[in-house]
Amino acid sequence: MTDRHEHLHTHPGAPLPHSHGHDHAHDAPLTPTGDGTIAISHLHFRYPDGTEALRGMDLAITGGEKVALLGQNGAGKSTLMLHLNGIHRPTHGTVHVAGMQVSNETIGRVRAEVGLVFQDPDDQLFSPTVWDDVAFGPTHMGLTPGAIHDRVEVALAAVGALDLAQRAPMRLSIGQRKRVALATVLAMNPSILVFDEPSAGLDPRGRRELIELLQSLTQTLIVSTHDLELARAAFPRSIVVDRGVIVADGSTSEILGNRELLLAHGLA
Amino acid sequence: MYPQLHIPDGFLSPQISLLLWVATAVLIGIAVRKTSRTDVRLIASQPILMGVLGAFIFAAQMFNFPVATGTSGHLLGGVLAGYLLGPWAGTIVMATVIGIQALLFQDGGLLVLGANIFNMGIIGTLGGSFVARGIGTALGGSRSATILGAGVAAWLAVVAAAGFTTLQLGLSGTTNIAVGLPAMLGVHALIGIGEALITVAALTFIAQTAPDILAGVSAPRKASPVRRLAIGVVIAGGVATLASFFASADPDGLEAVAEELGFLDAGLSAPFELFPDYTIPGLDGTASTVVAGLLGMIVVIGVLLALGRLARSRTKS
Amino acid sequence: MEPRGVGRDARAAVITTLAFVTAVALLPPGSYVALLLAWLLVTFAGALLGISPGHLARRGLVALPFVVAAVPIVFLRNDELLWAGSVGPLTLQISGAGLRIALTALLKAWISVQASVLLLALASPPSIVTALRRMRLPDVIATSAGLTIRYLELLRDEARRMLRARTARSASPVGVGRERIGGTIAWRARTTGNLVGSLFLRAYSRAQRIEEAAASRGATGSLSVGTLPVADPRLTIKVVGVLVLVLVLTLAGVLLPRL
C-alpha cells in the first residue's frame, strides 16, 4: 500500500489512510438507501430513425430480486436496460425505479439509484488509475473527500480489487476490468444493479468468480445475458424478450426447461 | 451550439478562398514531403496510424466538457494531433479530418475548404506544434514541459484560428473586423482554455498510462541556454502582446466576453444583444481596435514563423 | 443518372460540385434572381437523383448558425439605412447594404450545402477519395483519408458508448433530483481529457492490429487504396458541359437584375 500515499498527493484534503482502516471501511457507507424496486408500465420506445425497439412492456421487480433478461440480439434487452437509468426515455409509458418516476425532475437521483455496468469495461473505465475511476461517481455527486475515500475503498473491497487501486485500468485483465467496472457503480451506493453481458469474454475461472460475486450482492440485480448457465446459477427469475415485448416471465428453471420456448425465441 | 470555426461556402469571397487554397496546397505539399516518419513509436506503417488517428480526432471531438448547465466545450485537437504525430504528419491528419468534415458532414464548405484547413490545420496544428515545441524546449524539454507547451499552444491555436477566420471574413466584406475581431478573439480566448485543459489532460493521461507509446514523441531536445532564453523571450513577448491587446481592446474584460459567450450559446434568439457597447457611430473609437488587432495578429504570425524556422533548423541539425 | 458506386469514376461529380459552388460564390451580393436559378438547378438535379426538394432544403440549414458571423454587418454599415431607432437602451440602425450581404451569404451557404449533399448522393466517400487521388491528391493523404473514413463510424461509436457510460455515472448530490454538473471545472476538464486519452489508446491499439493483419497478408508499410476504376470515357465532355453551365450562372449573376 505504499503507493496509496503517492495517490494522496494528487488528492489534497483526503484523510490519511490510517484514519480509515479496513475494519472501519466496512461500515455503513454502502448500505443502499433506495428500496430497489422497478415498475414499468406500457413502455414503448422508438429510436429517432423510426425503429420500434420496445412495444409495450409491463414489468414489476421487488427489492433484492435477481432477474435474468434473456433474448436474442436486437430483441430490446439493451434498450430496456438503458431506460432504467434514464439514458433513454419512454416514447409512451412510464418507468419507476426505487419509487421515483424517471424524468428530468428525478434523473440526478435515478443515476445514483441504478448502477449500469456495460458489456465492455473499456467503455466505462477511462481514468489513469483504478482509484480515480471508482472515485468518479462519488466525486460527481459532490461528496466530501473523506466520504469519497470511504466509498472507493469499500467498493473496491467488495469486488476484491483493493490491491489494484493504483494500477492503470487498461493494464488489467478482462476479468479484473469487469470487477473494477462493477466497483465504479457500487461506489455510488445504488439499490439496483444492471449488467449487460457480464460473462462475455471471461475464461471459465473468471466466469466462476463472477457468479460467486453476483451471488454475494444484496442489491436488486438485472442481467442481460446469452449465458443460460449463468442465469441458472445466479438468477432465480428470468424474463424472455423478443421483438420489443416480454414473451415469458417466470422461474429460471421452468423457462430454461421449456425447450420449445427457447427455440421459438432464438435462445437455443 | 458553440461558436464554430468551420466557414461554410458563401461567406468568403472567391478571391480570398482561392488565395488560401494556394497557400494551403503549398504547405500541405511541404508536409507530404516532410512526412517520412511519425513521432509515435511502435508502429511501422505510418499511413495506417495516420488514418486511424484521423478517425480518432474526429471521434474525440464528440467528447463534451461541461462548463456550466447547457454550455459545454469541445476539443478541436490540432495541437494534440501535432504532439502525437509530429507537426507535419499531424497537419496532414487535421487537413484530412477537416476535408472529410466538409465532404461527409457539410461541416464547412468546399470552396472555402482551403481557408478552413489553413486556419485550423496549418495555423492550428503546424504553427501550434512548433509553438508547443518552442515552449517545451524553453522550459527544459522534460515530458511535463512539452505537455505544458502543448497546452499553451492549444490555447494560442484556437485564438489564432478565430482571428484568421475573422480577418478572412472581414477581407471578404462579410463581417466588420472592428467588432468581429474583439468578439471572436474574446470568445475563443475562453474556448481556448477548454482546449488547453483537455489537451494537457489527454497528454498527461497517455504519458502516465502508456509511456512507451510516447517514448519518441517530442523528446527532450538539447538546446543551448542562450537559445532557450531567446525562445522564452520571444514567446513571452508574443503572449504579453496578445494579453495587452485583449486588455486594451475590451475594457469591460471577461465580463463582457462572458456575456457575448452566453449570447452565442443561446443562438440566434437575441441577435441584438451582442453589440450593446458598440453602438453604431463608434467607428472612430473602434479604429484603434482595428490597428491593435492587426498588430496583434502580425505579432502572432511573426512568432509562429520564427518558431517554425527555429524548430526546422533544429530538426535538421 | 447513374447510381453511386465504389467502382465508378467520380471525378465528373467532384468537378461539377466544385465548379458549381465556385460559381455560386462568384455571384455578387443581391443576385437573388441568379441564386434562385442556382437553387432550381440543385433542386432539379436532386429530383433526378430521387431526393425531395424539402429534404434537400432542410439539409442545407446546417450552415445557418454561421450567419452569426455576418450579423454585425447588418447593423454596422452606414449606407442605405432602412431603419434607425432604439430598442430598449440600445440605439440601432439597419443597413440595406449590410442586410443584402448577410442574406446573400446565407443563401449561398444554403445552396452550396445542398450541392455537396448531392455529391454524396452521386458518389460514395471512398470513390470520392479515389477520384481525388486521380486528380493528383498525394498518396499518403488519400490512404490516410480512406482509412479515416473506414474507421470513422467505429471510433465514433466507441466514443458514444464511453460518453453514455460517463452519463450513466453522473448522478446529482444526495437529495437533488434534477441533473447537476458535479466536480470542479478542472476536474471535469481532466475527465474529458482522460476520455480523449483512453480513446487514443484504443485507436492506437486498433492501428497496431490493422498493421499486423496487413503485414500477415504480406503488405509492407503502406496500404494501397485499391485499384483505380475505369476512367469515365465521357469525362471531357461532361467537364466542358459543366463549365458552360457555370459560365451561364455567372453571366446570369452579372446580367440579371440585382436587388
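Naming convention: chains lettered A, B, ... in sequence-line order (proteins, then strands); numbering from 1 in each chain. Keep in mind it's a predicted model, so treat the numbers as computed, not measured.
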Going from CD1 on B:Ile48 to CD on C:Glu212, what distance comes out if it is rounded to the nearest 0.5 angstrom?
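Going from CD1 on B:Ile48 over to CD on C:Glu212, the span is 10.0 Å.
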Please check this pair: side chain of C:Arg190 against backbone of B:Ala201, looking for a donor-acceptor N/O pair closer than 3.5 Å.
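Between the backbone of B:Ala201 and the side chain of C:Arg190 there is no qualifying donor-acceptor contact (under 3.5 Å).
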Tell me whether C:Thr148 contacts the main-chain N or O of B:Gly51 through its side chain, where contact means a donor paired with an acceptor under 3.5 Å.
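Judged by distance alone, yes, a pair lies under 3.5 Å.
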Would you indicate whether the side-chain heavy atoms of [Y] and [X] approach each other to under 4.5 Å?
X	Y	answer
C:Tyr204	B:Leu49	yes
C:Leu195	B:Phe205	no
C:Leu201	B:Ile206	yes
B:Leu75	C:Thr192	no

Can you say whether [X] sits under 4.5 Å from chain C via the side chain, the backbone, both, or neither, judging by heavy atoms?
X	result
B:Leu113	neither
B:Leu18	neither
B:Leu169	side chain
B:Leu104	both

For chain C, which of B:Ile100, B:Ile57, B:Leu197 has the most heavy-atom pairs under 4.5 Å?
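The residue among B:Ile100, B:Ile57, B:Leu197 with the greatest pair count is B:Ile100.
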Worked check of side chain to side chain donor-acceptor pair (under 3.5 Å) between C:Arg188 and B:Asn64
CA-CA 10 Å; C:Arg188 292 199 294 271; B:Asn64 66 317; over 6 Å; no
